[in-house]
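Computed from heavy atoms alone, side chains included, the values below leave out hydrogens, waters and symmetry copies. All figures in this text were calculated on a predicted structure; none of them were measured in a lab. Every number for a ligand or one of its atoms is a count from 1 in the order of the listing.
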Amino acid sequence: MKAVITGGAGFIGSHLCDHLVAQGHEVIVLDDLSTGSRANVAHLEAHPGFRFVHGDILDRDLVDDLVAQADTVYHLAAAVGVHTIVDNPLKSLRTNLHGTENVVEAAVAHGVPYMVASTSEVYGKNDADGLTEDSDRIYGSPTKSRWSYAAAKGLDELVAYVHGTESGVPCVITRFFNIVGPRQTGRYGMVVPRFVDQALKGRPITVYGTGTQRRCFGSVHDIIPALPRLMATPEAYNRAVNLGGHEEVSIKGLADRVVALTGSASPITYVDYEQAYGEGYEDMQRRYPDTSLAARLIDYRPTRGLDAIIGSIVDHRSAPVPQPV
Ligand code: UDP
């Protein structure tokens, strides 16, 4: 089988490359290296089943040409990270809206089953105790920059879903809940690699807001095997499926854990949201996944707790050679 992975040089995409190549599949990566890195897939470059294409998902002809060669498409390319979205709102919208349209339309045109990666961000400010796939979306004002990402990814889901139902081409939408692990960069937001880097460098740990906001971090190693399994499960077609972990922590609690696990002398400092992200930023207080649908469909059971996840990131920072999943 041959898979096209858009965003395959990114954090999640590169782990998916490892997994599929290890299973004997051929992989073509399409990545513009805007937030991804060639280093994430450098260990695969000599593999005969692996090909890297440097290009943009906004390039319709290129997307069409690559998708036409594939048996499956995993669409992971996106403008991601709160800092990316806030700093480059227009480019982010274009990539996330039109890029996804290009990929989905190519997949449908060639009859190639496709997965579109989405995000828990689509639930917006809904802080229900266990967000199910049917939970409501609650977005703030359009003048608050962060919601443009949620709105765009929500539309991506619709593009995927409507094309999937109208064409009959298998389509799976995965909603990732704060997935973290080795190779994730903190440069564009993402709190866990930021805190780990700050702790290892002895710099202040920057907790934004009060630090009472809560997140549930999931391991990339838990979610990757779930992706091809969902693609092979007809009951998963034309629906969104939550994927994430189950250990919830406050951001202040996360900072304490990172300091303890790294033995760092870094102090914890509190930074106003306005200072961190600019004017008009709005955070969400809580985001906790209900993953019972994935459990029922593919027996998805996340096994890695937060300490193990932080430990794997620390190990990777100390020995930065990408390891296969
Ligand atoms: N955050 C923080 N310090 C940082 C980066 C992020 O306290 O250096 C906070 C951020 O405001 C949010 C949480 O950590 O409350 C998770 O942020 P991230 O960008 O990783 O994910 P998301 O906001 O999309 O859940």
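Nearest to atom 3 (N) of ligand 1 among the protein's heavy atoms is Thr206 O, 2.6 Å. In terms of protein heavy-atom proximity, atom 24 (O) of ligand 1 is closest to Arg287 NH2, 3.3 Å. If you check which protein heavy atom lies closest to atom 15 (O) of ligand 1, you get Asp283 OD2, 2.6 Å. Nearest protein heavy-atom contact of atom 19 (O) of ligand 1 is Met190 N, 3.5 Å.
Atom CZ of Arg137 has more than 12 neighbouring heavy atoms from other residues, nucleotides or ligands inside a 6.0 Å radius. Other residues, nucleotides and ligands contribute more than 12 heavy atoms inside 6.0 Å of the OH atom of Tyr288.
Contacts between Asn178 and ligand 1, counted as non-hydrogen atom pairs separated by less than 4.0 Å, involve the side chain only.
Near Val82, meaning under 4.0 Å from any of its heavy atoms, are these atoms of ligand 1: 19 (O). Taking a cut-off of under 4.0 Å to the non-hydrogen atoms of Val207, the atoms of ligand 1 that pass are 7 (O). Heavy-atom proximity to Ile251, at under 4.0 Å, picks out these atoms of ligand 1: 7 (O), 13 (C), 14 (O).
Judged by distance alone, the side chains of Asp18 and His43 do bring a donor and an acceptor atom under 3.5 Å apart. In this model, a donor atom of one side chain and an acceptor atom of the other lie less than 3.5 Å apart for Arg183 and Ser14. Asp64 and His110 form a side-chain donor-acceptor contact under 3.5 Å, judged by distance and modelled atom types alone. Inspection of the Arg287 and Ser120 side chains reveals an N or O donor paired with an N or O acceptor under 3.5 Å. At a cut-off of 3.5 Å, with distance as the only test, a side-chain donor of Gln198 or Thr206 sits close to an acceptor on the other residue.
At under 3.5 Å, not a single nitrogen or oxygen of Gln198, backbone or side chain, sits near a nitrogen or oxygen of ligand 1. Here's the thing with Tyr273: none of its N/O atoms is less than 3.5 angstrom from an N/O atom of ligand 1. For Arg194, a nitrogen or oxygen atom sits less than 3.5 Å from a nitrogen or oxygen atom of ligand 1, counting backbone and side chain alike.
Which of Arg146, Glu121, His83 comes nearest to atom 23 (O) of ligand 1 through a heavy atom is settled by distance: it is Arg146. Within the set Val191, Ile205, Ile85, Ile268, the minimum heavy-atom distance to atom 14 (O) of ligand 1 is found for Val191. When Tyr208, Tyr277, Tyr281, Phe217 are checked for heavy-atom proximity to atom 4 (C) of ligand 1, Tyr208 turns out nearest.
Between Tyr277 and Tyr208, the ring-plane angle classifies as perpendicular under the 30° and 60° cut-offs.
Not a single heavy atom of Met284 lies less than 4.0 angstrom from ligand 1.
Residues Val80 and Tyr188 are members of separate hydrophobic clusters, defined by side-chain heavy-atom contacts under 4.5 angstrom among Ile, Leu, Val, Met, Phe, Trp and Tyr.
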